[in-house]
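The structure presented is a predicted model; accordingly, all values stated were derived computationally and were not measured. Numbering starts at 1 and runs along the sequence shown.
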Amino acid sequence: MRNVILLCLIVIICSAVNAKRQRMKRAVCGNEIWDPLYDICCEGHAHEQLYGPYSGCCGQKIFNAETQVCCSGIIFPIQSTGLTQCCGRRPYNAETNICCGSRYVQPRSGLSTQCCGKITFNADTSVCCADKVVDQVAGTSTLCCGEKAYDSKAFLCCQGKIVDIPVNSSNQCCGETSYDPTTSVCCNGQPAPNLVGNLTMCCGKESYNPASSICCADKIVQKLSNVSQCCGDMSYNPTTSMCCAGQPVVRMAGILTECCGKESYNPQDSLCCNQMVVPRRYGNTTQCCGNRYYNPTTHVCCDGDEISRRHVGNTIQCCGKKSFNNERYICCDGSLLSRRYKQYTMCCGKRRYNGKPRGRTGYKPVCCANRVYYSSKIFCCNGKAQRKGTACL
């Protein structure tokens, strides 16, 4: 009796464990719970595996993969041969037909039947060139060049053009012609002499030896040294010269040398003013005024004109090409005006106005879009006068 009770307990425990395992195997299919052991999930819809291991999905539907075929969501019966396949949304017998372009079913005339666009052809006797059936001209050596067939042992197809090649040669294409890579190189679609084997380089449509020459602006020029570089269409030695606006010039001050247009100069004793080299007559304080030098401690430069600071010193400033004493005048948009309001004289476009604070609050007049507003309630927003308290748009 004890053995019977013990056996029943074991059966109950095993059943509980198996049930727990079964629940663990359940999954979600869309909004449904399904069991992968007995169900199949098709695009969010759970179905019972009615056909066992042959159950398959066709869109949201279930089908028997042993006796049916699914073509673009449509179920068709498999034909007696068992070679039913899909051609787009249509089934066909792959033993007697062929699918061309994923939608056109054509009759198969043998194992050599292949597609050429929408139609079929016999690959033993023809080739398909640009969706056009063409007769073979050299058996299996026949290849296509555009819409034409050619013998690949005697010709090459170079950029859509059929060209002759010598017998047993290793010729390759170079543009619309052929060349022998053992004696030539291809330079921009033009064969050129192979001068130094794999070291040969191209310059435009010509070849050159990089050990003795350099290619500058598609022009072959002699190297001046092993470190020669290009400057325009010329070569130069960067250790003794430098390139200024496409012109090689001497490094007169070594590594300190700088360019001024097509000239070189020493920045320690010269300046470059408007592409002209001028001396630093006043040492490091020398500055440019147009294409001339000047002393900024004794003169001021106004739009390329040099004007003396005599009697006014550092109070002199420029207003266009005119100089003025900024203690007595103000420059408003290129116009010289007297300081009528002394230190409170301010500009608003080409007009002057009194910028002295006003009223009890000490508000300042506002210049907005060349117009002065004498109001404590106005502010300027992106060139437009607005009342304070409004948003700046």
Side-chain angles (χ1 to χ4, degrees), residues 244-245 252-253 256-388 390 392-393:
C244 293
M252 60 174 60
L256 297 177
T257 308
E258 294 183 5
C259 288
C260 183
K262 292 186 177 182
E263 297 182 72
S264 63
Y265 73 101
N266 184 348
Q268 294 181 321
D269 57 33
S270 302
L271 276 178
C272 179
C273 297
N274 281 352
Q275 307 297 302
M276 291 184 63
V277 179
V278 296
R280 282 188 179 273
R281 184 173 177 180
Y282 307 108
N284 291 333
T285 61
T286 308
Q287 293 183 13
C288 290
C289 185
N291 56 7
R292 298 174 296 174
Y293 61 85
Y294 82 105
N295 187 348
T297 60
T298 59
H299 291 75
V300 64
C301 180
C302 294
D303 198 15
D305 287 336
E306 187 180 348
I307 301 169
S308 175
R309 290 183 181 272
R310 188 179 300 173
H311 306 308
V312 290
N314 291 330
T315 60
I316 192 171
Q317 291 184 3
C318 293
C319 186
K321 287 193 174 185
K322 299 177 183 179
S323 63
F324 70 99
N325 186 338
N326 66 355
E327 291 181 343
R328 299 177 56 191
Y329 296 92
I330 188 170
C331 182
C332 294
D333 199 11
S335 298
L336 272 179
L337 303 172
S338 63
R339 286 189 177 272
R340 177 183 293 178
Y341 312 110
K342 297 183 180 180
Q343 72 269 28
Y344 297 114
T345 306
M346 303 183 73
C347 291
C348 187
K350 289 188 175 183
R351 298 169 53 197
R352 66 190 165 190
Y353 71 97
N354 189 347
K356 184 177 180 179
R358 297 165 182 257
R360 295 180 180 178
T361 59
Y363 75 88
K364 295 180 180 180
V366 176
C367 174
C368 191
N370 296 332
R371 182 178 175 182
V372 180
Y373 295 87
Y374 296 95
S375 173
S376 61
K377 299 179 180 180
I378 297 294
F379 75 105
C380 192
C381 170
N382 298 327
K384 292 183 179 180
Q386 291 186 208
R387 292 184 64 85
K388 289 183 178 179
T390 59
C392 183
L393 302 176

Set of side chain to side chain contact (heavy atoms under 4.5 Å, CB included) partners for [X], sequence neighbours left out:
X	answer
T298	N295
Q386	F379, C381, T390
A245	K262
D303	K321

[X] versus [Y], closest heavy-atom pair with distance:
X	Y	result
T286	Y293	CG2-CB, 3.6 Å
V277	Y265	CG1-CB, 3.8 Å
Y344	N354	CB-OD1, 3.5 Å

Separation between [atom1] of [X] and [atom2] of [Y], rounded to the nearest 0.5 Å:
X	Y	atom1	atom2	answer
N326	Q317	CG	CD	4.0 Å
S323	E306	OG	CD	11.5 Å
N274	C289	CG	SG	9.5 Å
K322	I307	NZ	CD1	11.0 Å
T257	Q268	OG1	CD	9.5 Å
L271	C260	CG	SG	9.0 Å

If you look only at distance, which donor and acceptor atoms sit under 3.5 Å apart when one is on a side chain in residues 345-353 and the other is two or more places apart or in another chain?
from: T345; atom 1: OG1; to: Y341; atom 2: N; distance (Å): 2.8
from: T345; atom 1: OG1; to: K342; atom 2: N; distance (Å): 3.2
from: T345; atom 1: OG1; to: K342; atom 2: O; distance (Å): 3.0
from: R352; atom 1: NH1; to: S338; atom 2: O; distance (Å): 2.8
from: R352; atom 1: NH1; to: S338; atom 2: OG; distance (Å): 2.8

key: Close side-chain approach of C318 to V300, heavy-atom, < 4.5 Å   = yes
request  = With the side chain counted from C-beta on, respond yes when Y294 and P296 share a heavy-atom pair under 4.5 Å apart, and no when they do not.
outcome  = yes
ask   = Shorter than 2.5 angstrom, is that how the SG atoms of C259 and C272 come out?
value = no
ask   = Can we say the SG-SG distance for C302 and C319 is below 2.5 Å?
value = no
inquiry  = Using a 3.5 Å distance criterion without hydrogens, assess whether the side chain of R309 forms a donor-acceptor pair with backbone atoms of H299.
reply    = yes
ask   = Is the side chain of R292 donor-acceptor paired with the backbone N or O of C273 at a distance under 3.5 Å, no angle test?
value =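 No, because the side chain of R292 does not come within donor-acceptor range (under 3.5 Å) of the backbone of C273.
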Quick one: side chains of residues 356-369, donor-acceptor pairs under 3.5 Å with protein atoms, not counting sequence neighbours, listed by atom name and distance.
none

